[in-house]
> 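Here it is, the structure in full.
The structure displayed is predicted, hence computed values, not measured ones.
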Amino acid sequence: MFFERLREMRCDNMRTQQDIADILHCQREVYRRYETGKVEIPVSYLITLARYYDVTTDYLLGLTKERRPFPKE
């Protein structure tokens, strides 16, 4: 499931759930629910996290194993 990538990315970047909640301007408990898959994350938050982590939304969604499948120009 794609929500597993949310936790993976957060931990890889040594961030707490509160850190990410602050970036998304939401409460930590709300973010925790996204990360555990109890609630679907809004598209706008998904885009924000993709930009923050410098990965594609496809990667966060688990559609690809490549973090950046397209070269930056």
Side-chain angles (χ1 to χ4, degrees):
M1 297 269 177
F2 82 87
F3 54 84
E4 293 169 359
R5 286 260 167 92
L6 296 178
R7 181 177 187 279
E8 175 187 309
M9 292 301 298
R10 177 179 60 78
C11 292
D12 286 352
N13 286 274
M14 295 186 292
R15 299 288 180 232
T16 65
Q17 287 181 340
Q18 186 62 57
D19 293 335
I20 303 304
D22 291 344
I23 290 166
L24 298 176
H25 306 288
C26 69
Q27 295 178 357
R28 187 198 61 79
E29 179 61 24
V30 172
Y31 177 75
R32 184 191 69 77
R33 290 179 186 150
Y34 299 146
E35 199 173 274
T36 58
K38 294 185 189 284
V39 177
E40 287 189 17
I41 190 168
V43 172
S44 61
Y45 286 2
L46 187 66
I47 291 168
T48 298
L49 290 177
R51 288 180 176 152
Y52 178 75
Y53 293 130
D54 195 27
V55 297
T56 64
T57 54
D58 283 353
Y59 179 78
L60 289 179
L61 292 170
L63 299 175
T64 182
K65 291 181 181 181
E66 298 293 323
R67 291 179 179 221
R68 282 177 239 124
F70 304 106
K72 286 187 172 185
E73 294 184 21

> Please report the shortest heavy-atom distance between Leu60 and Tyr53, naming the atom on each side.
CD2-CD1, 4.5 Å
> How long is the gap from CG on Leu6 to CG on Leu46, to the nearest 0.5 Å?
7.5 Å
> Let me have the donor-acceptor pairs involving side chains of residues 8-18, under 3.5 Å, with sequence neighbours excluded, atom names and distances please.
residue: Glu8; atom: OE2; partner: Tyr59; partner atom: OH; Å: 2.9
residue: Arg10; atom: NE; partner: Glu35; partner atom: OE1; Å: 2.7
residue: Arg10; atom: NE; partner: Glu35; partner atom: OE2; Å: 3.4
residue: Arg10; atom: NH1; partner: Arg15; partner atom: O; Å: 3.1
residue: Arg10; atom: NH2; partner: Glu35; partner atom: OE2; Å: 2.8
residue: Asp12; atom: OD2; partner: Arg67; partner atom: NH2; Å: 3.3
residue: Asn13; atom: ND2; partner: Met9; partner atom: O; Å: 2.8
residue: Arg15; atom: NE; partner: Tyr52; partner atom: OH; Å: 2.7
residue: Thr16; atom: OG1; partner: Gln18; partner atom: N; Å: 3.3
residue: Thr16; atom: OG1; partner: Asp19; partner atom: N; Å: 3.0
residue: Thr16; atom: OG1; partner: Asp19; partner atom: OD1; Å: 3.4
residue: Thr16; atom: OG1; partner: Asp19; partner atom: OD2; Å: 3.2
residue: Gln17; atom: OE1; partner: Arg28; partner atom: NH1; Å: 2.9
residue: Gln17; atom: NE2; partner: Glu35; partner atom: OE2; Å: 3.0
residue: Gln18; atom: NE2; partner: Asp22; partner atom: OD1; Å: 2.7

> State which residues pass salt bridge (charged side-chain N to carboxylate O under 4.0 Å, His left out) with Arg7; sequence neighbours excluded, sorted by chain then number.
none
> Would you say Leu63 and Tyr45 are hydrophobically clustered, going by side-chain heavy atoms of ILVMFWY under 4.5 Å?
yes
> Is the closest side-chain heavy-atom distance between Leu24 and Leu49 below 4.5 Å?
yes
> Are any non-hydrogen side-chain atoms of Val39 and Val30 less than 4.5 angstrom apart?
no
